[in-house]
Protein chains: 2
Amino acid sequence: MHDHTPPPPKDDPAFAKHDHHRCAGEGLARAEEILAGRKVRLTPVRRRTLEILLEDHRALGAYEVLERLAADGFGNQPPVAYRALEFLVDHGLAHRVRRLNAFTACRHSGQDHAPAFLICRQCNAVAEAPADAVRSALDTTADKLGFVIERSNIEALGLCPACRDAA
Amino acid sequence: MHDHTPPPPKDDPAFAKHDHHRCAGEGLARAEEILAGRKVRLTPVRRRTLEILLEDHRALGAYEVLERLAADGFGNQPPVAYRALEFLVDHGLAHRVRRLNAFTACRHSGQDHAPAFLICRQCNAVAEAPADAVRSALDTTADKLGFVIERSNIEALGLCPACRDAA
DNA sequence: CCTTGACCTGTTATGATATTACATAGATAT
DNA sequence: ATATCTATGTAATATCATAACAGGTCAAGG
């Protein structure tokens with residue numbers, strides 16, 4: 001792509017300041033909770049992958065994640081990252097942001113979630129907005145056509161509050 | 001990817017039968033109308049690219065479009081296709097379906113449009129659903145966070161009526 | 001007319017993203 | 001303990017996308 005190592009966004013979860021260490025820790029705890037019920041394992045690679053995503057309030061490309069995994073002694077071939085990321089996405093612990101070809105930790109796991117991503121074209125911040133209303137409008141639309149939605153991706157590009165003010 | 005030459009979907013614009021020849025012709029006419037106002041040209045490559053997208057009620061990859069363009073005597077290097085496609089997208093004559101890394105002709109050009117794509121995971125049909133309601137819900141959501149939306153991508157994966165019935 | 005500049009097209013080369021296929025190792029269940 | 005299922009590692013390759021530059025077309029103004 002072209003914007004490969006963007007500056008880390010100032011703030012982000014909904015573009016407001018927050019206690020980051022706490023929100024990362026909670027993410028992991030919630031993940032274990034969620035997976036406990038299902039017959040799947042949060043293996044070391046998977047766990048570490050989630051940690052990596054949680055450490056950063058931005059969307060990371062698969063190869064970026066891979067580098068970090070390799071640095072930690074895991075394999076250094078693409079499937080290592082893609083598989084772990086796919087696992088996390090399948091279990092609702094992470095989301096794929098298609099516009100950026102990137103992945104981000106889910107900030108509302110556990111809750112029934114239909115996320116919408118708000119991507120700032122200026123600072124690259126990515127906010128996961130609660131999108132229940134959006135999703136339900138989408139369901140209604142699909143319903144009229146007899147289409148059954150299984151998964152959805154809702155993404156918007158624009159300006160976050162900080163960048164809009166700066167402009 | 002993995003599903004590179006899918007069988008053409010049975011029906012599609014909203015998954016219902018329709019007079020295709022007519023809908024393709026209208027697409028072109030509408031394009032010329034729209035561009036007339038702006039100071040841009042619908043050059044041969046661009047026009048042919050739009051035709052190619054209109055011919056098919058599915059999303060085509062850039063390389064797929066490129067092959068057809070090359071067969072018609074245009075250049076056969078990726079930028080040829082990407083540039084024409086980007087032009088069409090910028091002017092609202094086509095849309096990019098990110099989930100499929102593909103492009104599709106806009107079926108509602110001219111109208112103020114915020115499309116939502118319903119993608120059948122079985123037969124690969126892609127319907128462009130009117131999503132004004134969805135878009136307005138999204139605007140409301142973004143507004144609460146002070147985020148200004150400039151472009152949006154709304155895509156859903158699931159089963160179209162035909163495939164659901166077949167299952 | 002004929003030059004200038006904007007824009008379009010073509011091509012080479014390369015970069016970035018993602019998957020297939022297969023081999024090995026670890027966990028689970030009987 | 002052994003069969004089985006799942007997960008990991010690696011090599012090779014497929015797929016998608018862009019940068020950079022050269023040459024061509026066309027309309028506007030001198």
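Only heavy atoms go into these numbers, but all of them, side chains included; no hydrogens, no water, no symmetry mates. Since this is a predicted model, take the numbers as computed values, not measurements.
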K.L.:
Name the residue closer to the 5' end of DNA chain D, choosing between B/G61 and A/Q77 according to the nucleotide with the nearest heavy atom.
P.N.:
A/Q77

K.L.:
Strictly distance-based, threshold 3.5 Å: is any side-chain N or O of A/R58 a donor or acceptor partner for the main-chain N or O of A/N124?
P.N.:
no

K.L.:
Can a side chain N or O of A/R46 be found less than 4.0 Å away from OP1 or OP2 on D/dA7?
P.N.:
yes

K.L.:
Rounded to whole angstrom units, what separation is found between the OH atom of B/Y82 and the C1' atom of C/dT17?
P.N.:
11 Å

K.L.:
Using only atom types and a distance under 3.5 Å, with no angle test, would you say the side chain of B/E155 pairs donor to acceptor with the backbone of B/R98?
P.N.:
yes

K.L.:
From the set C/dT20, D/dC16, C/dG10, return the single nucleotide nearest to any side-chain atom of A/P79.
P.N.:
C/dT20

K.L.:
Roughly, in whole Å, what's the span from CD in B/E67 to P in D/dA14?
P.N.:
15 Å

K.L.:
Does B/F117 belong to the same Ile/Leu/Val/Met/Phe/Trp/Tyr cluster as A/V148, with side-chain heavy atoms less than 4.5 Å apart forming each link?
P.N.:
no

K.L.:
Please confirm whether any donor atom in the side chain of A/R83 sits under 3.5 Å from an acceptor in the base of D/dG9, or the reverse.
P.N.:
yes

K.L.:
One thing to verify: whether A/E51 and A/R47 come together as a salt bridge, which I'm taking to mean a side-chain N less than 4.0 angstrom from a carboxylate O.
P.N.:
yes

K.L.:
Starting from C1' on D/dA17, measure out to CZ on A/R98 and report it in whole angstrom.
P.N.:
16 Å

K.L.:
With a 3.5 Å cut-off and heavy atoms only, can you find an N or O donor on one side and an acceptor on the other between the side chain of A/Y63 and the base of C/dA18?
P.N.:
yes

